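Presented below is the structure to which this report refers.
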Protein chains: 2
Amino acid sequence: MSIPIPTIKRFPSYLRILNQAKDAGKKYISATNLAEELGLNPIQVRKDISSTGIEGKPKIGFDIEELIHYITHVLGWDNTTDALIVGAGNLGSAIARYDGFASYGLKIVAIFDKSTEKIGTSVGSFTVKSMESLNRFIMENRISIAVITVPAIQAQAVCDLLVKCGIRGIWNFAPKDLKVPESVVVQRTDLATSFAVLSVKLSKKLAESDDLDSDEDMI
Amino acid sequence: MSIPIPTIKRFPSYLRILNQAKDAGKKYISATNLAEELGLNPIQVRKDISSTGIEGKPKIGFDIEELIHYITHVLGWDNTTDALIVGAGNLGSAIARYDGFASYGLKIVAIFDKSTEKIGTSVGSFTVKSMESLNRFIMENRISIAVITVPAIQAQAVCDLLVKCGIRGIWNFAPKDLKVPESVVVQRTDLATSFAVLSVKLSKKLAESDDLDSDEDMI
DNA sequence: ATCAAATCGATAAAATTTTACCCGTATCTT
DNA sequence: AAGATACGGGTAAAATTTTATCGATTTGAT
């Protein structure tokens with residue numbers, strides 16, 4: 001019944017390819033095709049798709065529209081959710097200006113910062129609001145998702161405040177593991193984590209090619 | 001011998017806590033302690049640490065300095081690697097201005113863009129360079145890592161160019177699954193993927209608390 | 001109309017990752 | 001000095017995720 005997290009993580013990539021294929025005028029796509037496009041195992045793609053309950057046709061593949069519809073629904077991206085950003089630094093500003101969230105069903109509606117120098121200035125189409133106005137804003141606009149882009153040292157305090165204001169989902173870009181009550185969901189997006197994987201894979205790869213080099217020398 | 005990817009992904013978090021503890025003047029830390037700090041299972045922490053070969057002392061824990069040293073080494077963060085950014089948009093600029101990469105052993109040394117309007121302008125402490133100068137720059141400075149922050153539609157072309165120039169590791173922020181030769185490593189950092197997980201967990205959580213609410217109504 | 005090729009779906013095997021369990025050891029308390 | 005406690009380490013079990021296998025189905029070609 002519940003869909004594995006790794007599958008959830010692949011869904012956005014599927015969506016990208018599917019939308020691309022749809023735009024290209026295609027009506028069906030096979031798991032094999034999707035897999036090639038993403039560098040995945042076709043069997044895995046079929047399994048992922050099967051978790052949505054959608055059925056395909058042998059020799060044809062899956063109905064693209066149907067896949068898009070169901071995956072979007074499973075991700076909850078078919079309804080737009082309003083969110084706010086706390087932290088108008090480099091990253092927060094970049095996120096505020098990014099216009100690609102619409103396709104994730106996410107709509108940034110405000111950005112907050114505690115610095116008096118930033119309050120009132122504009123970031124993209126927003127005017128930076130004060131932390132004092134945060135509580136009221138969340139209540140009045142029934143916001144349930146917040147994006148944290150403050151420095152690590154302030155992250156927990158901001159998080160606590162957000163939770164107190166009733167925020168239920170936190171997308172955390174600060175390099176800090178936040179503690180929240182059981183009723184709140186935190187998802188961390190950490191550059192360090194991502195880069196760690198790149199670092200290790202790269203060293204391994206470089207070591208491999210060094211090995212090859214020395215092998216070749218021996219010929 | 002080879003360390004599991006999930007372990008690698010947890011290492012940066014360990015490092016953060018360890019450095020924090022070190023700064024607080026502590027000399028030892030237990031797996032239990034680390035686990036609490038990060039919301040992990042202590043057994044898992046011990047297992048992760050055991051993959052570095054470091055041994056702890058019962059009732060005391062692990063030597064913090066030693067842990068920091070080994071984890072940093074495993075991640076290859078003990079030597080600084082130069083990297084460049086391609087794409088001086090919002091995200092590229094934010095990354096160029098971010099000064100936290102030093103602790104990952106990563107040093108951004110230049111930023112490139114194809115837009116004639118951006119070339120020559122400054123982003124943080126850098127001056128945006130032209131794509132024409134990319135090849136020469138990579139050669140002369142022996143760059144092996146590149147960060148891609150161009151729009152999805154240009155990502156593959158930029159990637160191909162980088163590979164041709166000899167780049168071996170690509171940190172891809174574009175929402176696109178890049179195809180590269182076997183000798184090149186790509187790591188994608190995708191906002192959509194991260195947000196997908198948040199979306200699904202949040203809907204589940206909200207559904208749960210709805211259930212609770214209705215349960216309570218029945219009392 | 002028959003056969004080959006492509007693909008799906010279900011089940012099971014393999015691989016990976018997480019968690020449990022038990023024992024030994026160092027420290028602290030009384 | 002004895003015993004309780006906190007913790008590490010090793011082995012094994014459990015859970016999760018990925019991959020393989022095989023039969024069934026649809027299409028297109030001969």
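We use all heavy atoms of the structure for the numbers below, so side chains are in, but hydrogens, waters and symmetry mates are not. Bear in mind the structure is a predicted one, so any value in this text is a computation, not a measurement. Chain letters run A, B, ... following the sequence lines, proteins first and then strands; every chain starts at 1.
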Pairing of B:E182 and A:K205 as salt bridge, 4.0 angstrom limit: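 Between A:K205 and B:E182 there is a salt bridge, with a charged N closer than 4.0 Å to a carboxylate O.
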Plane angle bin for B:F195 and A:W171 - parallel if under 30°, tilted between 30 and 60°, otherwise perpendicular: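 A:W171 vs B:F195 ring planes: tilted.
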If I take atom [atom1] in residue [X] and atom [atom2] in nucleotide [N], what distance separates them, rounded to the nearest angstrom?
X: B:D48; N: D:dG10; atom1: CG; atom2: C1'; answer: 16 Å
X: A:E55; N: D:dA24; atom1: CD; atom2: P; answer: 17 Å
X: A:L40; N: D:dA20; atom1: CG; atom2: C1'; answer: 17 Å
X: B:Q44; N: D:dG9; atom1: CD; atom2: P; answer: 16 Å
X: A:N41; N: D:dA20; atom1: CG; atom2: P; answer: 6 Å

Residue B:K47, side-chain heavy atoms: nucleotide from D:dT11, D:dC7, D:dT19 that is nearest: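 Per side-chain heavy atoms of B:K47, the pick is D:dT11.
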B:F62 side chain, from C-beta outward: closest of D:dT19, D:dA6, D:dG9: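 Looking only at heavy atoms from C-beta outward on B:F62, the closest nucleotide is D:dG9.
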Pairwise 5' ranking along DNA chain C for A:I43 and A:P58, keeping only the more 5' one: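 First, find each residue's nearest nucleotide; the 5'-ward one identifies A:P58.
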DNA chain C: 5'-most and 3'-most nucleotides touching chain B, 4.0 angstrom heavy-atom criterion: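 The contacted stretch runs from C:dT17 to C:dT27.
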Between A:D48 and A:Y14: side-chain donor-acceptor atoms closer than 3.5 Å: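 Per modelled atom types, A:D48 and A:Y14 side chains form a pair under 3.5 Å.
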Pair B:S13, A:R188: side-chain N/O donor-acceptor within cut-off below 3.5 Å: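 Yes - a donor-acceptor pair under 3.5 Å links their side chains.
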D:dG8 phosphate, OP1 or OP2, under 4.0 Å from B:R46 side-chain N/O: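 True: B:R46 side-chain N/O within range (under 4.0 Å) of D:dG8 OP1/OP2.
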Residues B:K9, A:D190; criterion salt bridge (charged side-chain N to carboxylate O under 4.0 Å, His left out); working and verdict: CA-CA 10 Å; B:K9 288 189 176 173; A:D190 188 355; over 6 Å; no
5' precedence on DNA chain D between B:S50 and A:K57 (nearest-nucleotide basis):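 Closer to the 5' end of DNA chain D: B:S50.
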CZ (A:F101) with more than 12 external heavy atoms under 6.0 Å: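 It does: A:F101 CZ has more than 12 such atoms within range.
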